[in-house]
Every structure is written in C-alpha cells, then in structure tokens.
Amino acid sequence: MSTPLYQLKAEFFKTLGHPVRIRVLELLSEREYAVSEMLTEIGVEAAHLSQQLAVLRRANLVVPRREGSAVYYSMANPQVAELLRVARSILSGVLAGQAELLADLKAADSATAPGGPERP
C-alpha cells in the first residue's frame, strides 16, 4: 500500500520545519553557495550546518558538488524557492493583520485609560 499524499506532504513540511534549513534554502534560492560561505551567512557551527544539509540532501531538496576540497550546494528544484516566496507573502499578510489588530487594541486602551479621552 502506498503512502497517502497528505502524509508525504506532512513529511515534506516537517523537513522544512527548521530555521537553519529554511535559511539554507533561502540562500540557495539566490545562487550556489560553498559550505564555508553558508557558515558565514548563517552563523551556526559547522557540525550543525552539516547535519541540516544532510537532512535537505536526504529529502532531495539540495544537490552537493565538490570542487577540490570545497563543497558547493545548489537547490535541487527551483519550485522550492517559489514556495518560500509564497510563504513569505502569506506571513506578511498575517503579520499585517496582527499589526492592525494591535493598533486597534492600543487605540481602545488609550481611549479608556485614565487621562485619555472619555468614551460616550
């Protein structure tokens, strides 16, 4: 019996569910990066980055390439970069809605606070 698609999707999103892995994919959506460059950009220990890159490799989301002693990574599928752009757009909308709600709450608080305008 094959695995249901919804379960495969859940596993895919679990793979994306780590800040370092997201940051790696964001970097790779721009261009190919050497591991040493990623270490500088992301600011984690080499062992931790290596572990996260291994997770992304196993999920076939990144592709390594060796050049001499350096290892370079690129995105295996450009659609992942599009997924990250869509996620950013969704989050921007959610955060904008939350900012509006917070502004409304602050306005209501200042209207009822001592010394603030009286409510009718």
Side-chain angles (χ1 to χ4, degrees):
M1 182 183 232
S2 64
T3 306
L5 184 57
Y6 62 86
Q7 189 171 347
L8 293 172
K9 286 179 184 178
E11 290 300 319
F12 174 76
F13 283 108
K14 282 182 193 176
T15 300
L16 297 178
H18 192 283
V20 171
R21 293 194 289 263
I22 292 292
R23 186 65 184 125
V24 165
L25 292 171
E26 287 175 342
L27 289 173
L28 296 179
S29 69
E30 300 167 5
R31 64 175 175 86
E32 180 182 70
Y33 270 81
V35 172
S36 59
E37 292 176 298
M38 282 190 269
L39 281 169
T40 303
E41 289 286 331
I42 298 173
V44 296
E45 293 182 21
H48 187 58
L49 179 59
S50 178
Q51 183 181 45
Q52 300 311 320
L53 285 167
V55 171
L56 293 171
R57 273 194 319 271
R58 282 192 301 274
N60 296 313
L61 293 175
V62 298
V63 178
R65 175 181 69 83
R66 184 171 292 280
E67 188 175 296
S69 63
V71 178
Y72 292 82
Y73 278 88
S74 59
M75 187 135 350
N77 186 331
Q79 288 180 311
V80 175
E82 181 61 25
L83 176 64
L84 293 174
R85 281 190 289 279
V86 170
R88 182 184 184 109
S89 176
I90 291 168
L91 287 172
S92 293
V94 167
L95 293 173
Q98 289 176 351
E100 289 175 20
L101 178 59
L102 180 60
D104 290 347
L105 288 171
K106 284 183 177 181
D109 283 348
S110 67
T112 59
E118 288 191 31
R119 296 180 74 176

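Among residue pairs with one or both ends in residues 54-98, none qualify as ring pair (Phe, Tyr, Trp, His ring centres under 6.0 Å); sequence neighbours excluded. Screening residues 75-89 for salt bridge (charged side-chain N to carboxylate O under 4.0 Å, His left out) gives E82-R85 as the qualifying pairs, with residues at least two apart or on separate chains. Residue pairs meeting the salt bridge (charged side-chain N to carboxylate O under 4.0 Å, His left out) criterion with at least one member in residues 100-111, sequence neighbours excluded, do not occur. Each ring pair (Phe, Tyr, Trp, His ring centres under 6.0 Å) pair with one or both residues in residues 15-35, not counting sequence neighbours, appears once here: H18-H48.
In this structure, the side chain to side chain contact (heavy atoms under 4.5 Å, CB included) partners of Q79, at least two apart in sequence or on a different chain, are N77. In this structure P19 satisfies the side chain to side chain contact (heavy atoms under 4.5 Å, CB included) test with no other residue, sequence neighbours excluded. Residues satisfying the side chain to side chain donor-acceptor pair (under 3.5 Å) criterion with R65, sequence neighbours excluded, are E32, E67. Taking E30 as the reference, nothing meets the salt bridge (Lys or Arg N to Asp or Glu O under 4.0 Å) condition, with sequence neighbours excluded. For the side chain to side chain donor-acceptor pair (under 3.5 Å) test, no residue two or more places apart in sequence or in another chain qualifies with R58. Residues passing the side chain to side chain donor-acceptor pair (under 3.5 Å) test with E26 are R23, sequence neighbours excluded. For S50, there are no side chain to side chain contact (heavy atoms under 4.5 Å, CB included) partners two or more places apart in sequence or in a different chain.
Here the CG-CG distance, from L28 to L84, works out to 10.0 Å after rounding to the nearest 0.5 Å. How far CE of M38 is from CG of L53: 5.0 Å, rounded to the nearest 0.5 Å. With rounding to the nearest 0.5 Å, the separation of CG in L49 from OG in S36 is 10.0 Å.
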> Do Q51 and E45 pass the side-chain contact (heavy atoms from CB on, under 4.5 Å) test, and can you show the C-alpha distance, the side-chain angles, and the key distance before you say yes or no?
Replying inline: CA-CA 10 Å; Q51 183 181 45; E45 293 182 21; over 6 Å; no

>> Pair Q52, V24 - check side-chain contact (heavy atoms from CB on, under 4.5 Å), show working.
In response: CA-CA 9 Å; Q52 300 311 320; V24 165; 5.6 Å; no

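One hydrophobic cluster holds both V80 and V20 under the rule that ILVMFWY side chains link at heavy-atom gaps under 4.5 Å. Both L27 and I22 sit in one connected hydrophobic cluster of ILVMFWY residues. Membership requires side-chain heavy atoms under 4.5 Å apart, directly or through other members.
With contacts defined as side-chain heavy-atom distances shorter than 4.5 Å, the pair V62/L25 qualifies.
Residues A81 and M75 share a closest heavy-atom pair of N-SD, 3.8 Å. Nearest heavy-atom pair across A76 and N60 is CB-O, 3.3 Å. Closest approach of L39 to V44, counting heavy atoms only: CD2-O, 3.4 Å.
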For residues 7-17, which side-chain N or O atoms pair as donor and acceptor with protein atoms under 3.5 Å away, sequence neighbours left out?
unit_1, atom_1, unit_2, atom_2, d
E11, OE2, K14, NZ, 3.3
T15, OG1, E11, O, 3.1

